[in-house]
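What follows is a set of notes on a single structure, which appears directly below.
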Protein chains: 2
Amino acid sequence: MNVVQAQDQIAQPGRSELELAAVLHALSDPMRLRIVAALAATEEQPSCGAFDLPVTKSTCTHHFKVLREAGVISQRQHGTARLNSLRRGDLDARFPGLLDSVLRAA
Amino acid sequence: MNVVQAQDQIAQPGRSELELAAVLHALSDPMRLRIVAALAATEEQPSCGAFDLPVTKSTCTHHFKVLREAGVISQRQHGTARLNSLRRGDLDARFPGLLDSVLRAA
DNA sequence: CTCCTTGTACGATGGTTGTCGTACCGTAGC
DNA sequence: GCTACGGTACGACAACCATCGTACAAGGAG
């Protein structure tokens, strides 16, 4: 699996590795949909703990990992915090319109 | 669960019952993605057996059931055959652009 | 150095999923 | 009636998933 490795960037699939089924699966969970929607609504790069999700920390870690491994989000280590951002550009390039329609529906 | 029951139409969720997470989950399987793509590419209403899928009949039944219960497809009984069609109108109304972007990417 | 914060790792658990096989049912044609 | 065909129902099974709890690692603040 080709990965993009830049400074404190956590491993993630490259743009050409993105798979539709994997992305759809990552988005098919209400908790993850909520994370993605919150991420799309801000200009910042919130840490994992900033989402106030109704699950424990370990479950949280799990969901962020699923989203990152599917290529939906990108994570950067910054001190003890892990900063998250949506991979809008890569998603729009591979699956034009998909992210927008999901966000509009969510 | 409100269902639309018309003549030989099999039970399915009404337009307002469609849930984004359920639709995304239904579309997140390669076999079902293949079914939906084939369904979108024809004007006809093919029977379940007309798809030539590399799985057994029972698995086939399972996938069509998942798609129908998520509201992605509609099934009509016609003799011994079950005719399938995409619920384009309902999907476009509830999740504008979603189906198109998925089909374009698949 | 010591604590607090942020988050991961690992194991467990109950539930869901994709697949199959066999048995069955209803319609159509002979 | 009987047989073929298209499809469902049910049970089984291995794999996966969302969730949790506990234990642990690393950076920042005092």
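Just so it is clear: chains get the letters A, B, ... in the order the sequence lines come, proteins before strands, and each one is counted from 1. Note that these values count all heavy atoms, side chains included, but never hydrogens, waters or copies made by symmetry.
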- Item | Rounded distance [0.5 Å steps], CZ in A/Arg34 versus CZ in A/Phe51 | 11.0 Å
- Item | A/Gln45 CD: over 12 foreign heavy atoms closer than 6.0 Å | yes
- Query: side chain to side chain contact (heavy atoms under 4.5 Å, CB included) with A/Val102: which of A/Leu33, A/Leu24, A/Val72?
  - Reply: A/Leu33
Could you tell me how far apart [X] ([atom1]) and [N] ([atom2]) are, to the nearest whole angstrom?
| X | N | atom1 | atom2 | result |
| --- | --- | --- | --- | --- |
| B/Ile10 | D/dG6 | CD1 | C1' | 13 Å |
| B/Asp29 | C/dT17 | CG | C1' | 9 Å |
| A/Asp8 | D/dG27 | CG | P | 12 Å |
| B/Gln75 | D/dG7 | CD | P | 9 Å |
| B/Gln77 | D/dG7 | CD | P | 9 Å |
| B/His63 | D/dG7 | NE2 | C1' | 15 Å |
| B/Leu53 | C/dC20 | CG | C1' | 15 Å |
| A/Gln45 | C/dG7 | CD | C1' | 17 Å |

- Hey, is the side chain of B/Thr80 pairing donor to acceptor with the base of C/dG26 inside 3.5 Å? no
From [options], nucleotide with atom closest to [X] side chain:
| X | options | result |
| --- | --- | --- |
| B/Ser58 | C/dC10, C/dT6, C/dT22 | C/dT22 |
| A/Thr59 | C/dG21, D/dG7, D/dC20 | D/dC20 |
| B/Ala81 | D/dA18, C/dG7, D/dG7 | D/dG7 |

- Item | First encountered from the 5' end of DNA chain C, between A/Asn84 and B/His62 | A/Asn84
Is the shortest side-chain N/O distance from [X] to OP1 or OP2 of [N] below 4.0 Å?
| X | N | answer |
| --- | --- | --- |
| B/Ser47 | D/dG6 | no |
| B/Thr56 | C/dT19 | no |
| B/Arg82 | D/dT8 | yes |

- Query: Considering only heavy atoms from C-beta outward, does the side chain of A/His63 approach that of A/Cys48 to under 4.5 Å?
  - Reply: no
- Note on the structure: Heavy-atom nearest nucleotide on DNA chain D taken for A/Lys57 and for A/Met31; more 5' hit belongs to A/Met31
- Within the structure shown, what part of the strands sits under 4.0 Å from A/His25 by heavy-atom distance: base, sugar-phosphate, or nothing? sugar-phosphate
- ILVMFWY network linking A/Leu39 to A/Leu53, side-chain heavy atoms under 4.5 angstrom: yes
